[in-house]
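Remember, it's a predicted structure, so these values are computed and weren't measured experimentally. By convention in this document, chain letters (A, B, ...) are assigned in the order of the sequence lines, proteins followed by strands, and residues within each chain are numbered from 1.
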Amino acid sequence: NAGVMQNPRHLVRRRGQEARLRCSPMKGHSHVYWYRQLPEEGLKFMVYLQKENIIDESGMPKERFSAEFPKEGPSILRIQQVVRGDSAAYFCASSQGPGELFFGEGSRLTVL
Amino acid sequence: AQTVTQSQPEMSVQEAETVTLSCTYDTSESDYYLFWYKQPPSRQMILVIRQEAYKQQNATENRFSVNFQKAAKSFSLKISDSQLGDAAMYFCAYRPYSGGGADGLTFGKGTHLIIQP
């Protein structure tokens, strides 16, 4: 009974490189959410996706950040031309609909 | 817009004692969920307890219980018989009942719970 799977757990990038984070939701879940957690802070909503659709990206920066959830395969959060301020833990969560969200273990991005 | 406020950045309790973490929220919705999540040093977000707003009875999960005051928009977490493994960040979270859509979770800033042996 696999939970939400995220990879990589840790990612180190130099400024200007691209970071790609993957999330496979729990089996049967069609709703995927991405959150960002800065040190000593709570989780901030970034984007909500269903299969092949971005439903709400109001929490995601307009530039350099993009997300997708293709028909086949995991959801991907892509950060282009990373800067030091992008260093954070990125959490993916999934749900079937109403009720709780189930979280992955997070991907920690460090930008050098 | 919904907001969730946790006014205690840090709490400390002796092992085996009881501690209460407070949370207030603001919403114009009548149906919603409230949650407490625990984030230990491993950083995994673990659901501790959930409450549906339409239920008057306070939720309980073993040593964890809530005091849900809908009119006051208050949702505190009580941990009884505290154990060393309870040490973690605790986040209060809100979600409208409409579910899906943009209605993911809104989190408070968290309370760091320290357990003194």
- prompt: A:Tyr35 side chain to B:Leu105 main-chain N or O, any donor-acceptor pair under 3.5 Å?
  reply: yes
- prompt: For chain B, which of A:Gln37, A:Lys44, A:Glu41 has the most heavy-atom pairs under 4.5 Å?
  reply: A:Gln37
- prompt: Should B:Val19 and B:Leu77 be counted in the same cluster of Ile, Leu, Val, Met, Phe, Trp and Tyr side chains packed under 4.5 Å apart?
  reply: yes
message: Membership question, hydrophobic clusters at under 4.5 Å side-chain separation (ILVMFWY): are B:Ile49 and B:Ile46 in the same one?
response: no
field: Spacing of CZ belonging to B:Arg43 relative to CZ belonging to A:Arg9, to within rounding of 0.5 Å
entry: 10.5 Å
field: Atom CZ of A:Arg15 with >12 non-hydrogen neighbours under 6.0 angstrom
entry: no
field: Engaged part of B:Arg50 at the chain A interface, taking heavy atoms whose separation is under 4.5 Å
entry: side chain
- request: Sort B:Tyr37 into side chain, backbone, both or neither according to what part of it lies under 4.5 angstrom from a heavy atom of chain A.
  value: side chain
query: Under 6.0 Å from the CE atom of A:Met5, do we count more than 12 heavy atoms belonging to anything else shown?
result: no
Residue-level contacts of residues 103-112 of chain A with chain B, using a heavy-atom cutoff under 4.5 Å: A:Phe103, A:Gly104, A:Glu105, A:Arg108
task: Using the rule that two of Ile, Leu, Val, Met, Phe, Trp, Tyr join whenever any of their side-chain heavy atoms come within less than 4.5 Å, decide whether B:Met45 and B:Met89 are in one cluster.
output: yes
query: Among A:Val47, A:Leu49, A:Leu43, who wins on heavy-atom pairs under 4.5 Å with chain B?
result: A:Leu43
query: Is there a chain of hydrophobic side chains (I, L, V, M, F, W, Y, each step under 4.5 Å between heavy atoms) that links A:Met46 to A:Val32?
result: yes
Joint hydrophobic cluster, B:Tyr33 plus A:Leu101, side-chain heavy atoms closer than 4.5 Å: yes
query: Which answer fits B:Gln39, side chain, backbone, both or neither, if we ask what part of it has an atom under 4.5 Å from a heavy atom of chain A?
result: side chain
query: Hey, is NZ on B:Lys109 packed in by over 12 heavy atoms from elsewhere, all under 6.0 Å?
result: no
field: Segment of A:Gln96 engaging chain B (4.5 angstrom heavy-atom cut-off)
entry: neither
query: When you look at NZ of B:Lys70, are more than 12 heavy atoms from neighbouring residues, nucleotides or ligands closer to it than 6.0 Å?
result: yes
- prompt: For chain B, which residues of residues 75-91 of chain A have at least one non-hydrogen atom nearer than 4.5 Å to it?
  reply: A:Ala89, A:Phe91
CD (B:Gln56) with more than 12 external heavy atoms under 6.0 Å: no
field: Segment of B:Ser42 engaging chain A (4.5 angstrom heavy-atom cut-off)
entry: backbone
